[in-house]
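All of these numbers come straight from a predicted model, not from anything done at the bench. In what follows, every chain begins at residue 1, and chains take the letters A, B, ... in the order their sequences are listed.
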Number of protein chains: 2
Amino acid sequence: MLKAERHKFIMTKLVEEQKVVTTDLALALDLSEDTIRRDLNELDNKKLLEKVYGGAILVTENTSDVFNINISGEEEKKQIVAKALSLLHDDQVIIMSGGSTNLVFAKLIPADLKATIYTYSLPIAMQLSQHPNIDLIFIGGKMQKNAMVTIGMDVIQVVSKIKADICFIGASSINVKQGLTEIGYEISIVKKAMIEASDRVVSMFSSDKLNTKMPHVVCDLKQLDTIVTNLDPRDPSLEEYRKSGVFIL
Amino acid sequence: MLKAERHKFIMTKLVEEQKVVTTDLALALDLSEDTIRRDLNELDNKKLLEKVYGGAILVTENTSDVFNINISGEEEKKQIVAKALSLLHDDQVIIMSGGSTNLVFAKLIPADLKATIYTYSLPIAMQLSQHPNIDLIFIGGKMQKNAMVTIGMDVIQVVSKIKADICFIGASSINVKQGLTEIGYEISIVKKAMIEASDRVVSMFSSDKLNTKMPHVVCDLKQLDTIVTNLDPRDPSLEEYRKSGVFIL
DNA sequence: TCAAAATCTGCATTATTTTGCGTGTTTTGA
DNA sequence: TCAAAACACGCAAAATAATGCAGATTTTGA
């Protein structure tokens with residue numbers, strides 16, 4: 001058995017059982033414990049696992065790297081955005097705001113979609129730069145650091161000149177009375193401009209955003225064409241939203 | 001049996017069994033282990049398999065994540081860019097081009113530096129969005145996908161209006177006669193604009209870029225104020241560059 | 001067609017890597 | 001605190017690789 005095979009074996013067992021024990025591995029692979037220890041040290045150096053006294057455990061998520069974006073509730077978000085894939089067609093002009101839900105959406109966009117996408121979110125642009133058939137335009141401006149999006153007059157100016165078929169807007173908060181609201185003033189302005197520029201407005205969010213509010217109004221419910229949540233469209237908690245005329249996916 | 005046939009045989013066996021062992025192959029094909037090893041080295045160079053001690057295994061496709069940026073020779077690049085840290089001061093206006101060397105530089109910029117930085121590279125902007133004291137401005141435009149930078153007229157227009165104290169330009173190729181040259185026309189234009197906009201022009205690169213050339217000229221050696229390489233500034237291979245009046249760090 | 005050049009292959013030699021074992025140290029848990 | 005378990009380190013044997021060289025084979029170009 002090759003060393004590389006052994007390493008694979010160890011990694012597989014590690015993921016399956018959350019941990020590996022040096023003595024068990026030595027027995028299972030019929031090798032000395034020293035060899036196993038050396039293997040574990042190597043894998044530890046490569047940051048593939050964390051060696052501990054007696055064996056090794058899975059590496060704990062490393063949040064210090066900017067490029068390692070941690071999306072909370074990624075699985076749920078995948079289910080939400082999957083519903084919206086049917087809204088995509090070839091040759092559309094699309095605007096995408098920031099937010100982790102939109103990032104998950106960007107990941108799921110099919111590789112053969114031919115479209116033009118405008119965005120002002122760094123992670124979303126990075127993700128979309130994978131897609132060979134998408135014309136990607138980044139809207140520049142001053143960076144809002146934590147959200148990793150550009151904001152300000154530069155962004156507004158560019159957005160207001162776009163004629164888009166559809167826009168995907170992340171939502172901080174939504175309720176029947178105020179509609180879509182945001183915590184930041186500048187972001188709310190940018191989103192207003194996005195809505196103005198687009199024929200169809202889509203917002204995707206999980207149901208815990210429902211019936212909450214933030215200081216800065218983006219738009220009325222009426223201005224949204226479609227909302228996409230994790231709930232069944234006929235769910236009673238969406239009753240009032242349905243009444244307001246929004247299409248619910 | 002032709003070598004090409006052998007390679008096919010090896011690849012087939014590899015896919016079937018997940019691994020191949022040098023000695024087995026030598027036996028099966030009735031050839032010396034040396035020949036098999038040479039074959040495996042060739043296939044490894046073509047990235048068709050991964051040679052390991054004792055044989056070879058399938059290549060693991062780890063590159064699927066956009067956010068997992070692989071910087072070749074990162075350690076060497078760290079040493080290069082560390083020399084350039086002394087050029088940074090509070091309250092400077094800085095322009096940074098793309099490239100992995102500049103990305104490494106961005107990582108090493110001290111957290112307490114107060115400055116304004118313009119860039120048109122997604123990874124560099126992501127990295128700098130970490131820094132609490134930097135005013136970060138992203139220069140928007142059409143994305144060039146593989147390099148993850150914006151290009152085109154939008155970029156030129158913004159850059160040409162900046163008045164920067166210093167700019168850091170990545171280099172594809174440099175030589176004494178043509179100066180800085182680039183493989184892409186559009187990138188060369190953007191870099192020209194950067195140089196125009198900056199009081200001081202700095203270029204960082206490893207010595208293997210020295211004495212090479214690409215189709216599109218960016219600028220003369222004279223227009224560079226400072227170059228930073230992995231070599232000692234007094235290294236003989238930098239002699240001609242020194243003569244041309246560039247400051248070498 | 002033929003000779004020179006390029007390529008392929010195996011062998012011998014040398015270098016490197018892997019592995020188990022002995023020895024001494026560190027960690028663990030009662 | 002103490003004994004057992006786990007570990008680290010150096011060493012040596014075995015396995016595997018790299019390298020130079022020579023003979024064989026193929027390709028090239030006149």
Glu240(B) atom CD, neighbour heavy-atom count above 12 within 6.0 Å:
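Atom CD in Glu240(B) is not packed in, count stays at 12 or less.
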Using a 4.0 Å heavy-atom cut-off, does Asp39(A) contact any base of the nucleic acid, only the sugar-phosphate backbone, or nothing at all?
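The residue Asp39(A) makes no contact with any strand.
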Could you check whether Val52(B) gets within reach of a base, just the sugar-phosphate, or nothing at all, counting any heavy atom under 4.0 Å?
sugar-phosphate
Please determine if a side-chain N or O atom of [X] lies less than 4.0 Å away from the OP1 or OP2 oxygen of [N].
X: Arg37(B); N: dC11(C); value: no
X: Lys51(A); N: dC7(D); value: yes
X: Asn41(B); N: dA18(D); value: yes
X: Thr22(A); N: dC7(D); value: yes

May I have the distance from Leu25(A) (atom CG) to dG20(C) (atom P), rounded to whole angstrom?
13 Å
To the nearest Å, how far apart are Leu27(A) CG and dA6(D) C1'?
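Leu27(A) atom CG is separated from dA6(D) atom C1' by 16 Å.
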Just compare dG20(D), dT19(C), dC9(D) and give me whichever is closest to any side-chain atom of Arg38(B).
dG20(D)
Look at the side chain of Thr35(B) and decide which nucleotide, out of dT18(C), dT9(C), dA18(D), has an atom nearest to it.
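Out of dT18(C), dT9(C), dA18(D), the nucleotide with an atom closest to Thr35(B)'s side chain is dT9(C).
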On the side chain of Asp34(A), is there an atom forming a donor-acceptor pair with the base of dC9(D) - under 3.5 Å, no angle test?
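In this structure, the two groups form a donor-acceptor pair.
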Between Leu2(B) and Tyr53(B), which residue's closest nucleotide on DNA chain C lies nearer the 5′ terminus?
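Nearer the 5' end of the strand: Leu2(B).
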Flag for Ser121(B)-Asn102(B): side-chain donor and acceptor within less than 3.5 Å
no
Modelled atom types, side-chain donor and acceptor of Thr22(A) and Arg37(A), under 3.5 Å
no
Strictly under 6.0 Å, is that where the ring centroids of Phe105(B) and Phe168(B) end up?
yes
Position toward the 5' end of DNA chain D (nearest nucleotide), Gly55(B) or Gly55(A)
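The residue mapped nearer the 5' terminus is Gly55(A).
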